[in-house]
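Everything below concerns the one structure shown next.
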Amino acid sequence: MQNTQYGPLGFYINGEWIYRSDGPQLEVYDPATGDVLAPLPRATPEELDRAAAAANAAFPAWKALTALERSRILRKAADLIRERADQIAPLMTREQGKPVAQSRIELMVSADTFDWCAEEGRRVYGRSIPSPVKDMEVRVARLPVGPVAAFTPWNLPAMMPARKIGAALASGCTVVIKPAEETPAAALAIVRALHDAGLPKGVVNVVFGVPGEVSSHLIAHPAIRKITFTGSTAVGQHLAKLASDAGVKRCTMELGGHAPVLILDDADIDLAVSTLVPSKFRNAGQICISPTRFYVHDSLHDRFVDQFAAATSRLVVGNGLDTATNIGPMANSRRTAAMDNLINDAVSAGASLKMGGERIGNRGNFFQPTVVTDVPVSAKIMNEEPFGPVAVTARFSSLDDVITQANRLPFGLAAYAFTSATKNVRRLSEEVEAGLLGINNVAVSHPEAPFGGVKMSGYGSEGGIEGMDPYLVTKTVTVA
Ligand code: NAD
């Protein structure tokens, strides 16, 4: 076990770190023990106004820097995150629960994300259009939209802020971010790296508070021109309405999923099991692209389930600070309660509990890795994102039927398939309704590739060459 000093926690407004013990406070808990880690100040409306005003005041000068100057700061911050990863990773584990090796990987990907954004910011090209009118120049410019309000969740406490801040800054925008109140230290460490890399004051501002109060205040603030949110579909819908009412403000919405996994009759079962087990139980299943609904061809179902359960039974559940741990606690007690509810409902609907299904101990939010088989389509877990350490299976016998099942829900974030036939790959690529499709693998998220959903999983891409678009407006300029 490592000994880690957690806190103090505060805001970062206009280039200053604000730690205050007076005024309204929240508390941050260790999900492995239930102990309070540190108090967290709760922003007042005046503090939110200061953060928005700082982002607004910093915008003209940040926009006026060259893309290369902005890029250098992001690259320096990326290097600092890598240098500090061994110190930051245990803090992330203490507040969020995931094993420290997973926290460290997340920090490395956050640094890579800053690097990618630093590079792409230098390639925000406009264009020149052959004019249809004599003696006229027609140009297209792409310009930063303005100060951004960003809201990020607790499951990827460094990566989600890095995606939003990296792309916004590289595009020339300034930011007010409200990271999740459950996991403030990781987000603050990312912003500390930017501060130490020489970020001008006011370009990024960090606040915490009651989520509904902060988002409604910031979205309505006249300085804010763009909203970006990652979290549940219900909250995303609410924020998109607020953004519309506040003046048709632009939004990027990365919302929930319920990723289907299609194991076709020609699948390599060993590959499927060795790939899917670590992916399913990464961060205790609390990942929006976690493989969730396992549709297995009837001829392979029982063999797949036996092998999957055997591999799962070798995973160690424990405190994420212990290097032997594969699965940490769930992030909060809402998640363990949701697991109880969904698994009990599936079993009452006729599913078989192959393994797990119970909380572990009475301290912290530990839950057994769980496999539930032959789950009827009517069970809640087949329809609501479980966001936990549970794999649910159902059988199928025709490709048409399984594609229908995969597309049945109103979500479309990630989907996966295992098959060795090229004709199946072609069909799945065309017909599965998802923003991300992994075939014979689950690695669908990379800084270099666009990440985002379809249907009620949201809109707008993060990453890839598309990742700058949400932070840019397009202007056509004609010169006679
Ligand atoms: P929740 O919807 O209460 O919170 C999810 C995140 O949204 C939290 O970080 C929270 O601070 C933030 N949030 C909530 N209300 C907000 C508001 N009005 N304004 C701004 N931010 C707000 O859910 P939860 O109980 O923490 O998690 C449950 C569900 O959330 C999961 O089942 C999952 O579907 C979804 N979730 C999705 C992601 C993702 O990456 N897409 C991440 C975390 C949670």
Side-chain angles (χ1 to χ4, degrees), residues 26 28-29 31 40 42-43 48 95-98 106 148-164 176-184 186-187 206-221 224 227-243 246 251-259 282-290 292 330-339 341-342 365 367 380-381 383-390 409-414 435-436 444-445 451-453 455-460 462-463:
L26 302 163
V28 181
Y29 294 91
L40 177 69
R42 206 179 88 196
L48 298 177
E95 62 187 7
Q96 202 266 321
K98 71 181 59 166
E106 183 181 332
V148 174
F151 306 97
T152 53
W154 43 261
N155 60 337
L156 294 166
M159 178 60 201
M160 293 293 126
R163 267 193 189 159
K164 295 182 189 304
V176 180
I177 184 166
K178 187 201 79 61
E181 285 66 26
E182 287 98 332
T183 52
V206 186
V207 293
F208 298 96
V210 175
E213 290 174 11
V214 177
S215 56
S216 56
H217 194 92
L218 286 179
I219 291 170
H221 196 286
I224 297 297
I227 319 302
T228 175
F229 171 74
T230 297
S232 62
T233 295
V235 174
Q237 282 184 291
H238 171 62
L239 299 193
K241 277 191 202 129
L242 292 179
C251 293
T252 299
M253 291 287 165
E254 298 285 356
L255 309 178
H258 200 324
R282 174 182 160 217
N283 200 13
Q286 301 164 117
I287 297 279
C288 52
I289 57 170
S290 184
T292 298
M330 302 197 73
N332 53 53
S333 55
R334 295 193 298 283
R335 300 303 332 133
T336 42
M339 284 301 98
N341 177 308
L342 291 171
N365 308 317
F367 204 92
K380 277 198 266 187
I381 203 164
N383 299 281
E384 289 172 27
E385 183 179 30
F387 225 64
V390 56
L409 294 182
F411 309 107
L413 189 54
L436 308 156
V444 292
S445 174
F451 182 102
K455 304 199 284 188
M456 288 179 79
S457 293
Y459 45 84
E462 298 191 310

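Counting starts at 1 for both ligands and their atoms, following the listed order.
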Using a strict cut-off of under 4.0 Å between a residue heavy atom and any atom of ligand 1, list the qualifying protein residues by chain and number. Thr152, Pro153, Trp154, Asn155, Lys178, Ala180, Glu181, Pro211, Gly212, Ser215, Phe229, Thr230, Gly231, Ser232, Val235, Leu239, Glu254, Leu255, Cys288, Arg334, Arg335, Glu385, Phe387
Which residues pass the side-chain contact (heavy atoms from CB on, under 4.5 Å) test with Ser215, not counting sequence neighbours? Phe151, Ile219, Leu239
Would you check if the distance from the ring center of Phe387 to the ring center of Trp154 is below 6.0 Å? yes
Just by modelled atom types, is the Thr228 backbone N or O under 3.5 Å from a matching donor or acceptor in the Thr252 side chain? no
If the condition is ring-ring contact (aromatic ring centres under 6.0 Å, His included), which residues does Phe451 pass it with, not counting sequence neighbours? none
Mind checking salt bridge (Lys or Arg N to Asp or Glu O under 4.0 Å) for Glu95 and listing every partner two or more places apart, or none if nothing turns up? none
Between Glu254 and Arg163, is there a side-chain N and carboxylate O pair less than 4.0 Å apart? no
